[in-house]
Amino acid sequence: MPELVHFAVADAVATLTLDSPHNRNALSRQLVTELFEGLERASADPAVKVVLIRAEGRVFCSGADLSEASTEGMEVGARRIVDLQRLIVTMDKPVVVRAYGAVRAGGIGIVAAADIAIASDDATFALTEVKLGLAAAIISLTVHHRMNPRAAALTTLGGEVFTGAEAAAYGLVTSAVPADDLDAEVDRVCASLATGAAQGLRESKRILNRDLVARIDERGAELAALSATLFASDEARDAMTAFLSRKKG
C-alpha cells in the first residue's frame, strides 16, 4: 500500500503530511495508523521541538472514511479517533495544524486537538454529521472545548459550511490569514515555538491541556460507543449509502 502520511524533520519541526487523494484524506484505518506512528516518532525524537500536521491536495481532511464506516462496526475506529485526539493533546511537544481547503467532520477534530491551528481565511469547515443522521460525538471532546458555545450549537446543529475567518471568530482555529500568506505564517509560528526549551514547552502544554485531557478521559468511551451506535443505525446507513452513491454518480 502506498504511504498515506509522510514524515520529515527540518529545523526542529517534524512535518506530517496527509497524502491520500483517492478518498480526500479521509480518516481510513491506514491513514490513522500512519498518523499515530508519525506522532509517536516525532514525540520520541529529541531533535524535534514542534510537530506540524498538513495535507496535500485541495482537501485537508474529509472526515471518516464512509466506505469503511458503512460496511464495518465503528466502535473500534471511533475509539481510535478518541485516542488520536488524546495523543495530540498529551504530547510533550506543541502540535500545529495548517488548515486550508476543505476541512470536514473528523478532520475538524484534528484541528481542534492541535495546540495551534492556522487556517487560510477561505478554507471551508463543516460538521456534516447531522446531515447523515449522525452526531459530532467523538470530536466534540476537542471541538466543543475550543469553540464558544453559541458557535458550537450553530455549526453542530446546522451542519453548514463556514470559512476559516469564521472559524477563527468561533475559537476553533488560532488565526486565519490570506491563502497566499498561509505558509509564511505557519513557518513563523513553528519557528517561534521551536525557540522554547523542551521542559518549558512540555510543562506549559500540560498546564494548558489539563482540563481537556480530563474531558477526553471522562467521556471518550461513552462518546465512542454513541458514535458506533449512530453509525449502525438504519437512518445513518441509508444516508451514507445515498451519499456514497451521489459521489460515484
Side-chain angles (χ1 to χ4, degrees), residues 1-57 59-69 72-101 103-118 138-139 141-143 186 189-190 193-194 198 201-202 205-206 209 212-213 216-217 220-221 223-224 227-228:
M1 293 289 288
E3 181 181 77
L4 301 184
V5 179
H6 309 308
F7 182 94
V9 177
D11 300 322
V13 178
T15 300
L16 306 180
T17 303
L18 312 185
D19 187 10
S20 183
H22 73 281
N23 63 3
R24 302 167 73 234
N25 291 328
L27 298 172
S28 63
R29 290 187 304 274
Q30 181 187 346
L31 185 140
V32 171
T33 296
E34 292 184 15
L35 186 52
F36 258 95
E37 292 170 349
L39 290 167
E40 290 168 343
R41 181 178 173 185
S43 183
D45 187 343
V48 171
K49 288 278 198 72
V50 182
V51 179
L52 170 64
I53 301 175
R54 61 181 303 279
E56 291 289 350
V59 177
F60 174 77
C61 178
S62 58
D65 188 331
L66 295 184
S67 65
E68 293 180 354
E72 301 178 4
M74 281 297 294
E75 188 159 1
V76 171
R79 286 179 178 273
R80 192 69 167 154
I81 301 302
V82 172
D83 291 343
L84 176 62
Q85 293 175 98
R86 192 182 192 281
L87 176 58
I88 293 171
V89 169
T90 58
M91 286 181 65
D92 287 344
K93 301 167 185 183
V95 177
V96 178
V97 163
R98 174 189 181 274
Y100 76 101
V103 189
R104 298 291 184 267
I108 297 179
I110 295 175
V111 171
D115 301 289
I116 296 170
I118 311 298
I138 50 178
I139 65 169
L141 293 164
T142 54
V143 172
V186 169
V189 169
C190 288
L193 291 169
L201 291 170
R202 179 185 70 239
K205 178 165 176 173
R206 287 179 181 174
N209 290 345
L212 179 52
V213 174
I216 293 171
D217 290 344
L223 291 171
S227 181

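Nothing fancy with the numbering, it's 1 onward along the sequence. When reading the values below, keep in mind they use all heavy atoms of this one structure, side chains included, and skip hydrogens, waters and symmetry mates.
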Colleague: For E40, give me all partners under side-chain hydrogen bond (donor to acceptor under 3.5 Å, both in side chains), at least two apart in sequence or on another chain.
Modeller: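 E40 satisfies side-chain hydrogen bond (donor to acceptor under 3.5 Å, both in side chains) with no residue once adjacent residues are dropped.
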
Colleague: Look up atom CZ in R202 and atom CE in M91, then write down how far apart they are to the nearest 0.5 Å.
Modeller: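 Output value for this atom pair is 13.5 Å.
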
Colleague: Can you tell me how far CG of L84 sits from CD1 of I139, rounded to the nearest 0.5 angstrom?
Modeller: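 One finds 12.0 Å between CD1 of I139 and CG of L84.
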
Colleague: So which atom in I138 and which in A78 form the shortest heavy-atom distance, rounded to 0.1 Å?
Modeller: CD1-O, 3.7 Å

Colleague: Quick one: does any side-chain atom of N25 pair with a main-chain N or O of E56 as donor and acceptor, under 3.5 Å?
Modeller: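 Side chain of N25 to backbone of E56: a pair is present.
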
Colleague: Kindly indicate whether the side chain of T15, heavy atoms from C-beta on, has any atom under 4.5 Å from the side chain of F7.
Modeller: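 When only atoms from C-beta onward are counted, F7 and T15 do not touch, as no gap falls below 4.5 Å.
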
Colleague: Please give me the minimum heavy-atom distance between L27 and G107, naming the atom from each residue.
Modeller: CD1-N, 4.2 Å

Colleague: What distance do R80 atom CZ and L87 atom CG have between them, rounded to the nearest 0.5 Å?
Modeller: 9.0 Å

Colleague: Quick one: pull up CZ in R98 and OG1 in T17 and give me the separation to the nearest 0.5 Å.
Modeller: 9.0 Å

Colleague: Mind running salt bridge (charged side-chain N to carboxylate O under 4.0 Å, His left out) on R41 and E37 for me, showing each step along the way?
Modeller: CA-CA 6 Å; R41 181 178 173 185; E37 292 170 349; over 6 Å; no

Colleague: Mind listing the closest non-hydrogen atom pair of D45 and A47 along with its distance?
Modeller: OD1-N, 2.9 Å

Colleague: If you look at every heavy atom in L31 and S20, which pair is closest and at what distance?
Modeller: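 Closest heavy-atom pair between L31 and S20: CD1-CB, 3.9 Å.
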
Colleague: If a pair satisfies salt bridge (charged side-chain N to carboxylate O under 4.0 Å, His left out) and one of its residues is in residues 81-92, list it, with sequence neighbours excluded.
Modeller: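 Counting only pairs at least two positions apart or across chains, the salt bridge (charged side-chain N to carboxylate O under 4.0 Å, His left out) contacts touching residues 81-92 are R86-D217, D92-R206.
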
Colleague: Nearest 0.5 Å, please: how far is CD1 in I81 from OG in S227?
Modeller: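 It is 9.5 Å, given to the nearest 0.5 Å.
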
Colleague: Do L35 and I110 have side chains that approach each other closer than 4.5 Å (heavy atoms only, starting at C-beta)?
Modeller: yes

Colleague: Under the rule for side-chain contact (heavy atoms from CB on, under 4.5 Å), what residues qualify as partners of D11, not counting sequence neighbours?
Modeller: none

Colleague: May I have all residue pairs that pass side chain to side chain donor-acceptor pair (under 3.5 Å) and include part of residues 104-118, sequence neighbours excluded?
Modeller: R104-T124, D115-K205, D115-N209

Colleague: Among residues at least two apart in sequence or on other chains, which ones pass side-chain hydrogen bond (donor to acceptor under 3.5 Å, both in side chains) with T142?
Modeller: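 Listed in chain order: Q85.
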
Colleague: How close do A114 and V97 get, heavy atom to heavy atom, and via which atoms?
Modeller: CB-CG2, 3.5 Å

Colleague: Report the residue from V143, I118, V103 that forms a side chain to side chain contact (heavy atoms under 4.5 Å, CB included) with V111.
Modeller: V103

Colleague: Measure the shortest side-chain to side-chain distance between V82 and L223 over non-hydrogen atoms and say whether it is less than 4.5 angstrom.
Modeller: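 V82 does not reach L223 side chain to side chain.
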
Colleague: Does the side chain of P94 come within less than 4.5 Å of I116's, by heavy atoms?
Modeller: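 When only atoms from C-beta onward are counted, P94 and I116 do not touch, as no gap falls below 4.5 Å.
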
Colleague: Just wondering, do F60 and I53 contact through their side chains at under 4.5 Å, heavy atoms?
Modeller: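 Yes. Closest side-chain heavy atoms under 4.5 Å.
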
Colleague: Go through the structure and list residues passing side-chain contact (heavy atoms from CB on, under 4.5 Å) with A194, not counting sequence neighbours.
Modeller: A12, K49, V50

Colleague: State the CG-CG distance between L4 and L18, to the nearest 0.5 angstrom.
Modeller: 9.0 Å

Colleague: Donor-acceptor pair, Y100 side chain versus A55 backbone, under 3.5 Å?
Modeller: yes

